[in-house]
Amino acid sequence: MTKSPGSAVETHAIGAALERMDGRAKVLGTAPYAFEQRVERAAYLHPVQSTIARGRIRAIDTSKADRIEGVIAVITHRTAPRLASDDNRELWVLQSDEVHFRGQFIGAVLAETLETARHAADLVHVEYDVAAHDVGFRAEREDLYAPKCVNAGYPTDTDQGDAETAFAAAEVKLDATYATPMEHNQPMEPHTTVALWESEKLTLYDSTQSVHSVRTTVAKLLGLRPEQVRVISPYVGGGFGSKGEPHAHNILAALAALRAPGRAVKLALTRQQMFTLAGHRTPTIQRFRLGATRDGHLTAIIHEVIEQTSRFQEFAEQTAVPTRLMYAAPNRRTRHRLAALDVPKPSWMRAPGETPGMFAGEVAMDELAVACGIDPIDLRARNEPERDPESGKPWGNRHLVACLREGARRFGWSDRDPRPGRRAEGSWLIGSGVASATYPRYVLMGSRATIRFGADGRYLVRIGAADLGTGTWTTLTQIAADALGCVPEAIHLEIGDTDLPHATVAGGSSGMSSWGWTIVAAARELRRRHGPRPSPGAEASAETPAEADDDTFAQHSFGAQFAEVRVNAETGEVRLARMLGVFSAGRIINPRLARSQFIGGMTMGLSMALHEESVMDERFGQVVNHDLAGYHIATNADVVGIDAVWLDEVDDRSTPMGSRGIGEIGIVGAAAALANAVYHATGKRIRALPITPDKLLI
Ligand code: MOS
């Protein structure tokens, strides 16, 4: 019997370790990133940036730049087209003489070559009325304030019971303050936009986690109808959240395009510019107080967070939010307070909230385990809540303890001597640590998918989703094949273009869940209308079904991170020896890509633990180590012995695929596991990241 590729079969498409469908094109260099898209009549844009951190532009003289041969336009706040909306101050580009942070766009030069644009931009002469700036991020500030809510809409403060009184009365108390530094996302591909204004239509080739949010935002700002804006982004070289929303460069490129109709205006941020213009993770100062009985039952949890926002527009990281669900305790208090500073707007960076918050929380749990004389895994298991402590909802699928126990077995935890500083090889001290991980299961409403069965026996599946390097091309193909009962080869997927049906952002690890659910709904609709053997031309669409919004259960992924480190007693150098992550994330759509996501997240956590720190020079209000020579990220030589596994699980409550998102959970808790391992190796508790040699030598 022969079957056409599109005929219904049990395909096992979900769960297959397929190679990336875009892998070959990537290796051959034929998967175009935004800057590489073939365009006619290219022109190059180079920004002029403020050299003060706060004040006003008194005078701006572009005459020298204007005279350079090859310059097409010099744009400043005086000459830029007016924007239609000022609700997003980060995007209110070249509209006023105000300077809110050092490095802000205050002009741009469009020229025939990149070199000309850059040279002419240097010739723009600016005079300022300088105002005193303030970028001092400190806990003692008197102007800290409570935002109305924190990122993703969570409450700023929560209180259950009487945490202060319960803490004061606790048999065992831990009161410690933790700090995480400012960090920058640093995807390999910089933020890039190519903008073309032609026949009253704007086309943007962009590097983005959401073509549709770029379109909506840009159209609104420019006063265009959404249909007048097309955003194309088939391949993206990483984002980690920094491409989850449009930034000022999108608007700058669009404004320049309006000035030069018919020219393809190309703008790629330099690596240095990405330390100013693409968002950052806020630094945090976190006071944790844990009260417990002598046998390790938590009676009080108090987590108070201080973080920064820009003065001109608020972003409040949800750092204490994971503390609301991790462990059982009758009395609990969480707080977020912001310092509004003259800095660029902080933004999303892989697992905003969970990443810094779980560093503090999971080191605090390790410290409590030591104080109680209890194994840190047993301490966590002892405080396992039966329901979500905050909402009282039943758990959808909480397998934290199973992850910890499975990890302990695989990692050889039972052989561990709990006393710190007991193992050494020469001058290398050896220790191991554990931490929990968690990340919410998000499904965003509002995507749409269309499926059409073609004369070639293949299904054309269309949705404006994004693949920021995570594997969306492959996983959505697998999900569609599974839903349609065909082999993956019978799916022809189209993503990354606003000409496709609307898709929500690749953010909050929601992409695969939201788009996958929508594709499944469209496949079911096609089957309902046309049966299992549709005729060529049969077509159906669907939106994300309402049931995706059901929040009966508290649905989160969990994990356990284990790390073994070697610390040189003479130099303070910390090296990872091995690391294991065990995750509960529902059904795994593609083990090869999932492993890559988990290991990638853990690597970013290792990098956070040992290397990453954006250093603010308070005199000038800028990050001084603003390149990849000064801002250290883990390299191949640092990444040794990292392994990730997962529980065999199908979570039908989370999505019809049985899966949950996995883009972010890999980083959560990873830095805490390393910090706890460093303590175990050395007896030194480092509460401020990164764990650099100087902190271990004093
Ligand atoms: Mo992710 S930081 O929500 O793109």
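Position 1 is the first residue of the sequence; numbering continues from there.
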Please find the pair of heavy atoms, one from [X] and one from [Y], that lie closest to each other, and give the distance.
X	Y	value
G431	A681	N-CB, 3.4 Å
N383	G296	ND2-O, 2.8 Å
G586	D651	CA-CB, 4.0 Å
P418	H680	O-CD2, 3.6 Å
V401	A381	CG2-CA, 4.0 Å
L174	A364	CD2-O, 3.5 Å

Hey, are the side chains of [X] and [Y] touching, using non-hydrogen atoms and a 4.5 Å cut-off?
X	Y	answer
V565	L674	yes
Q622	T276	no
S557	H399	no
E649	R587	no
T438	M326	yes
Q286	P356	yes
Q561	L580	no
M604	R350	yes

Could you give the distance from [atom1] ([X]) to [atom2] ([Y]), rounded to the nearest 0.5 Å?
X	Y	atom1	atom2	answer
D550	R653	CG	CZ	10.5 Å
L325	K393	CG	NZ	12.0 Å
M657	S513	CE	OG	5.5 Å
R333	D162	CZ	CG	7.5 Å
S584	I665	OG	CD1	7.5 Å
H297	C372	NE2	SG	10.5 Å

Cationic N near anionic O, under 4.0 Å, [X] to [Y]:
X	Y	answer
R335	D159	yes
K148	E314	no
E612	R281	no
E367	R687	yes
R405	D378	yes
D638	R575	no
R416	E564	no
E304	R337	no
D643	R595	yes
D417	R422	no
R398	E384	yes

Judged by atom type as modelled, is there a donor-acceptor pair below 3.5 Å linking the side chain of [X] to the main-chain atoms of [Y]?
X	Y	value
D342	A53	no
T299	G291	yes
K173	L290	no
H133	L341	no
N625	E613	yes
K684	K695	no
Q308	A339	no
T165	A169	no
Y442	S509	no
E664	A351	yes

Quiz item: Taking the inter-plane angle between the rings of W395 and H556 on a 0 to 90° scale, is it parallel (under 30°), tilted (30 to 60°) or perpendicular (over 60°)?
Solution: perpendicular
Quiz item: Relative to each other, are the rings of F598 and F583 parallel, tilted or perpendicular (30° and 60° limits)?
Solution: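 Correct class here is parallel.
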Exercise. Report the residue from T319, T284, T180 that forms a side chain to side chain donor-acceptor pair (under 3.5 Å) with E307.
Key: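 Going through the options one by one, the only one that passes is T319.
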Self-check item: More than 12 heavy atoms from other groups under 6.0 Å of CG on D648
Solution: no
Exercise. Taking atom types as modelled, find out whether E390 and T158 have a side-chain donor-acceptor pair closer than 3.5 angstrom.
Key: no
Exercise. Go through the steps for I377 and R380 under the test side-chain contact (heavy atoms from CB on, under 4.5 Å), then give the verdict.
Key: CA-CA 5 Å; I377 293 175; R380 286 168 173 84; 5.9 Å; no
Exercise. Would you sort out whether V615 and Y631 count as a side-chain contact (heavy atoms from CB on, under 4.5 Å), showing the intermediate values?
Key: CA-CA 9 Å; V615 179; Y631 184 90; over 6 Å; no
Exercise. Walk me through it: do E90 and H247 pass the test side-chain hydrogen bond (donor to acceptor under 3.5 Å, both in side chains)?
Key: CA-CA 7 Å; E90 183 193 358; H247 292 292; 2.7 Å; yes
Practice problem: Kindly state whether the ring of H303 and the ring of F288 have centres lying under 6.0 angstrom apart. | Solution: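 H303 vs F288: aromatic centres under 6.0 Å.
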Self-check item: Ring-ring centroid check F101 F312, cutoff 6.0 Å
Solution: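 Yes - the distance between ring centres of F101 and F312 falls below the 6.0 Å cut-off.
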Quiz item: What do the steps show when you test N676 against V434 for side-chain contact (heavy atoms from CB on, under 4.5 Å), and what is the final call?
Solution: CA-CA 7 Å; N676 295 340; V434 65; 5.7 Å; no
Practice problem: Apply side-chain contact (heavy atoms from CB on, under 4.5 Å) to the pair L298 and L368, showing each step before the final yes or no. | Solution: CA-CA 10 Å; L298 286 163; L368 184 68; 3.6 Å; yes
Self-check item: Worked verdict on N151 versus W348 for side-chain hydrogen bond (donor to acceptor under 3.5 Å, both in side chains)
Solution: CA-CA 9 Å; N151 182 46; W348 301 320; 3.1 Å; yes
Exercise. Not counting sequence neighbours, list each pair that qualifies as a ring-ring contact (aromatic ring centres under 6.0 Å, His included) and has a residue in residues 325-345.
Key: none
